[in-house]
Each structure stands twice: as C-alpha cells, then as structure tokens.
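Notes for the one structure printed next.
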There are 2 protein chains.
Amino acid sequence: MEQTGEDLMERRSGVALWRQVADRIRLGISNGTLGEGGRLPPEITLSQQFGVNRHTVRAAISALVQEGVLRAEQGRGTFVESRKRLAYPITTRTRFSTGLKDQTRARRVNLLRHVVEPAPTRVAEALQLEPGAPVHRLETLSEADGRCVSRGTSWFDATRFPGFADVFVETGSITASFARFGVDDYVRRSTLVSARHADAEDLDTLKLSPGAIVLVTIAINDDLDGRPIQFSETHFSADLVELTIET
Amino acid sequence: MEQTGEDLMERRSGVALWRQVADRIRLGISNGTLGEGGRLPPEITLSQQFGVNRHTVRAAISALVQEGVLRAEQGRGTFVESRKRLAYPITTRTRFSTGLKDQTRARRVNLLRHVVEPAPTRVAEALQLEPGAPVHRLETLSEADGRCVSRGTSWFDATRFPGFADVFVETGSITASFARFGVDDYVRRSTLVSARHADAEDLDTLKLSPGAIVLVTIAINDDLDGRPIQFSETHFSADLVELTIET
DNA sequence: TAGATTTGTCTATTGCTCTATACAACCGAA
DNA sequence: TTCGGTTGTATAGAGCAATAGACAAATCTA
C-alpha cells in the first residue's frame, strides 16, 4: 500500500522525515499554498501528499503546535495560528518600531543583558575606536504582537554615551536613547545579510525549534557627521520576517 | 567516560547529530574560527569539543567531503577546500559579474531553461503588464570559481524584448542583453530578502545537501525612465554567499 | 440518533543513528 | 626503523525514527 507522493522527502539525509515535513508545512503556510481558509488538510491527505506515514505527519504537526504555528482540535481538524511574514524594511533610516508600525499592533524591545566590556576587534574597527576601548554591549529581544521577532546585540562607545543602558531601559528605544545624548538623527551606513541555522542561544531566546533558520544582519549606524555610533548584529527568525531593501 | 563538550548538540530534535556537527563545522570554516591554517583539528579533538562520539564526527566530515568542503588524507589530517563567503553587493546598480569581480577569478551564468509563458499574477504586477501577457522566463545558474553560487528565475516583457533568450545565450550577460535592446543602463528598484530550507530543485541545481539553507531575493529592475524591465527570484547558497547593502 | 470524518492513543516491528571498543593503514619525525 | 599521531574499518549494543494496523474520542451533518 505505497502512496504516490508527488514530491518525496529525502531519506537517510540526516534530517528526520517528520522534521522535513514540518519544514514544508511551515513554508506552505508562509507561501499561502497550504492552509487554505486557515485550515490544514487532514492528516491522511497530508501523509499521501508527502508520501509518508500518518504518524510521521503527526510528529511534524505536533512540533508545529509546540512552535505555535498550528492548533489541533480533536474531531474538528488542524488550524493555522500564524499569518504572513513581517516585512522589515532596511533603509538609510532603519528603526525597529517605525518599520513594523503598519503591520503589527504591539511592539516591544526588552533588554536581556547589559555589560561594559573592552571592544572586540571587529567592534573596535566598526566604531573606529582603539581595540579594547570600553563599550556598552546591549542584548535585546524584539517582540511584535507577542511573537519573538529578533534578537540583537549592539555595541556603543561607552565614553561618548555614558550610562546608555539606563537611558535605554527608561525609554525602551534606541532612537529615543540617542536623542538624550544629543543625537537627534542617525543613518544606516551598511548592512550585511546572511542566513544560518539557529544556534543554541537563538533557539532559547527566540523560542525556535532545532533546525530553524535565522537571518543575520550586521549593521553600522552613523550620526549625521558620518561618525559611527552603533554596531549591531541581529538575528531574525526567518519564518517570521523578511527584509525589504529599497535602493 | 563522558566529555565536557563546551556547547552541546541538540538531541532528539529531528536533525541527526552528525548533520548538526557538519553544519557547525561548515559555519566555523566560513567564520574562520575553525580550520586554522587550512587544517581541521583531529577527529578526537572535534568529538570532545562537540561532545559526541568520534564516529559521529566522522559521519559529519564524510558528508562535508562529499560536498567538496573538506578533503581527508589518511595519516595526515583533514583539510579545508573552500574559503570565506562571497560578499554579494546589493545596490542600485546590482550586477552579478561586476559584483564579484574582485573576489573570484572565473564567473559564469548558464541558461538552464527558457520558455515564453503568460505572466503569472505577481510577475504581471511587478512588470506592470496585463495578467497573462507574454513574458520570457529565464532560469539561470550562476557559478564562480566552479562553485554553484545561485539559481535565478527572471521574467522579461516578451513584447518589448523579442528573442531576449537568444541574445542572452549569445552574450552570457543580462546587462549586455539589455544593451542590445537599447537599454544602456538600469537600476535596482527594490529587493526582498528571506531565507528558507533548500527545496528539491535547489538541492539538485546548486548541488546542496538536504537541510541546507538558501537566501532568497526577489527583485525588480527599472530602466532609467522608471519602467520595470526585469522581475527576478534568486536563490543563493547561504553557505557560500552573504549579501551586502550600502544605503 | 446514526454515520462519516478527523484527531488522539496504543502496540509491535523494522531499520537507522549514536555510542563504545578495538585494531589496521598511513604519514611524518626522531 | 621505530614511534606517536591521524584517518580508515569492523563489530556489537542501546535508543530513536518510521511504518503498520487497530481502536478510542470528539465533532459535524444528515
């Protein structure tokens, strides 16, 4: 009783079938090709489409329920919880909150950790400081509508911006914090984009499941005199976010 | 006799340990944190670092040898075959060949497939055509130094650019082909970036292994009058490429 | 209420993954 | 040549992944 799965999964590839199925369901939902009307096809149908056993599909669905992507109701069906990907604009004036204003209701940036440390090499280069000069390192978690969107680590010159972290906690915004230090405006100088598998800290912080993908941006912001004021590395959950670039 | 692996792998996650190890080794090489001097640490050392059995490391290395990332020599050690990621610049004047000029010796774009088809909805919208208007669809494979860097699908207005594919085959370049039709220059209007697991066609075309990641860009190019002339979706191998954005 | 549809649970079997141990083959240096 | 370090091969056992079949529980419709 073998099925005629239109597009077979890769076996003995090091990735469990149930995880491959989960990835394809998640992708299908983002694309809109799956979950017509907010409802997923029955398990039996999916197992035939993917050419795997029903239990394998169940394992995939179970993982997606855990992630919050799906919701299963006995006797009724399985339903889609999430929506389209957020479009995060990268421009000369990239700011977290304003960028997502039209797409989400609630946005928040939480401070996870703050330390003052000697600048690592790449940070010193980016901020044009002496290697080892004191810098603030702020690790933040950005949420939109209750979902963990991104995890960022930013560095700031501790000499120029004393007590930056305290101001940030008070204002809850990088932009507002800069304003306190007399930097009324700033511009994105450069952005580097790459993608990779989520590491242990991504999984924990962004509440992802193993094998998930993160979009990584490494960016430098300048003040209006062209002096670098912020160096940051941000990890976006690739299932929730896409980046838009207007050139 | 358990090890003190500094940063343990995720078990029962649906991704085999050897594949997780392979992903981390590949990443370590891209980062430059692994493979100091072109040579990988011995299998025993790696197995202790990752907190897994030596055979698990061997499975990972075996996969990376298959991919062409590593080369193992009995009695001597395991060596790195590949280099740092290519930086692919996205600017108002994004072109494949010139963008990678300083980083690679040989660059080539191969035409995989060409059809004239009625424009799908999103293509028609992007090119400002009537839905169903005839368009060229060109599927291309870009290589640099013999490695498959990206797979692109581009659409062009068939009415404005009759026989575009033939010209492309002759010139081997989008830019040169446009020139033949009197479009001496063009600019990137917008770029959308996302990341996902490679699908079956990515695996085949880009010679990736299952679980690999692709960076996906969806872009529109305009002529100097601001009229859209090209709509494209490009899949980059995330292990080989990162995108740079100067704003 | 009866029946069809759908998700949830259970048991069993097969094959692959990971571990553990041992030893062979090969290389380079003393 | 000898020896330490490294990759390659073999074998066996424990645990996870995937399949299969059967049935329970919940929901909806006729």
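FYI, side chains are in, hydrogens and waters are out, and symmetry mates aren't considered; it's all heavy atoms of this structure. Bear in mind that the values here come from a model prediction, so they are computed numbers and not experimental data. Reminder, nothing fancy here: chain letters follow the sequence lines and each chain counts from 1.
Between B:T78 and the phosphate of D:dT7, there is a side-chain N or O to OP1/OP2 separation shorter than 4.0 Å. Within the structure, a side-chain polar atom (N or O) of B:T56 is placed less than 4.0 Å from OP1 or OP2 of C:dT19. For D:dA18, the OP1/OP2 oxygens have no side-chain nitrogen or oxygen of A:N53 closer than 4.0 Å.
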Set out, line by line, the N/O atom pairs under 3.5 Å between protein and nucleotides 9-15 of chain C.
from, atom 1, to, atom 2, distance (Å)
C:dC10, N4, A:H55, NE2, 2.9

Write down the protein N/O and nucleotide N/O pairs, taken from nucleotides 24-30 of chain C, whose separation is under 3.5 Å; answer none if there are no such pairs.
from, atom 1, to, atom 2, distance (Å)
C:dA25, N3, B:Q74, NE2, 3.1
C:dG28, OP1, B:R76, NE, 3.2

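The shortest distance between side-chain heavy atoms of B:I29 and B:L70 falls below 4.5 Å. A:I218 is listed as a side-chain neighbour of A:F231, based on a closest heavy-atom distance under 4.5 Å.
Of the candidates C:dT7, D:dT19, D:dT7, the closest approach to any side-chain atom of A:E43 belongs to C:dT7. Counting only heavy atoms from C-beta on, A:P42 has its side chain closest to C:dT7 among D:dT19, C:dT17, C:dT7. Ranking C:dG8, D:dT19, C:dA20 by closeness to the A:A72 side chain, first place goes to C:dG8. The side chain of B:L17 has C:dC18 as its nearest neighbour among C:dT6, D:dT19, C:dC18.
Contacts of A:R26 classified as salt bridge (charged side-chain N to carboxylate O under 4.0 Å, His left out), with partners at least two apart in sequence or in another chain: A:D23, A:E67, A:D239. Every salt bridge (charged side-chain N to carboxylate O under 4.0 Å, His left out) that A:R113 has, sequence neighbours left out, goes to A:E139, A:E201. The ring-ring contact (aromatic ring centres under 6.0 Å, His included) check on A:H55 picks up nothing, with sequence neighbours excluded.
Just one residue in the list B:V149, B:V109, B:N110 forms a side-chain contact (heavy atoms from CB on, under 4.5 Å) with B:E143, and that residue is B:N110.
Here the P atom of nucleotide D:dA26 and the CZ atom of A:R71 are 18 Å apart, to the nearest Å. Taking atom CG of residue B:L46 and atom P of nucleotide D:dG5, one finds them 17 Å apart after rounding to whole Å. Counting to the nearest Å, the C1' atom of D:dT19 and the CH2 atom of A:W18 are 17 Å from each other. Summarising the geometry, the separation between CD1 on B:I61 and P on D:dT6 is reported as 12 Å, rounded to the nearest angstrom.
Comparing A:E73 and B:I44 by the nucleotide of DNA chain D that holds the closest heavy atom to each, the one mapping nearer the 5' end is B:I44.
Residue B:R39 is in sugar-phosphate contact alone, with no base atom involved, counting any heavy-atom pair closer than 4.0 Å across all strands shown.
The minimum heavy-atom distance linking B:L27 with A:R196 is given by the pair CD1-NE, 3.9 Å.
Annotation: A:E117, atom CD; neighbour count of heavy atoms from other residues, nucleotides and ligands within 6.0 Å is above 12.
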Report all side-chain donor-acceptor pairs from residues 37-45 of chain B shorter than 3.5 Å, counting only partners two or more places apart or in another chain.
from, atom 1, to, atom 2, distance (Å)
B:R39, NH2, B:R76, O, 2.9
B:E43, OE1, B:R54, NE, 2.7
B:E43, OE1, B:R54, NH2, 3.0
B:E43, OE2, B:R58, NH1, 2.9

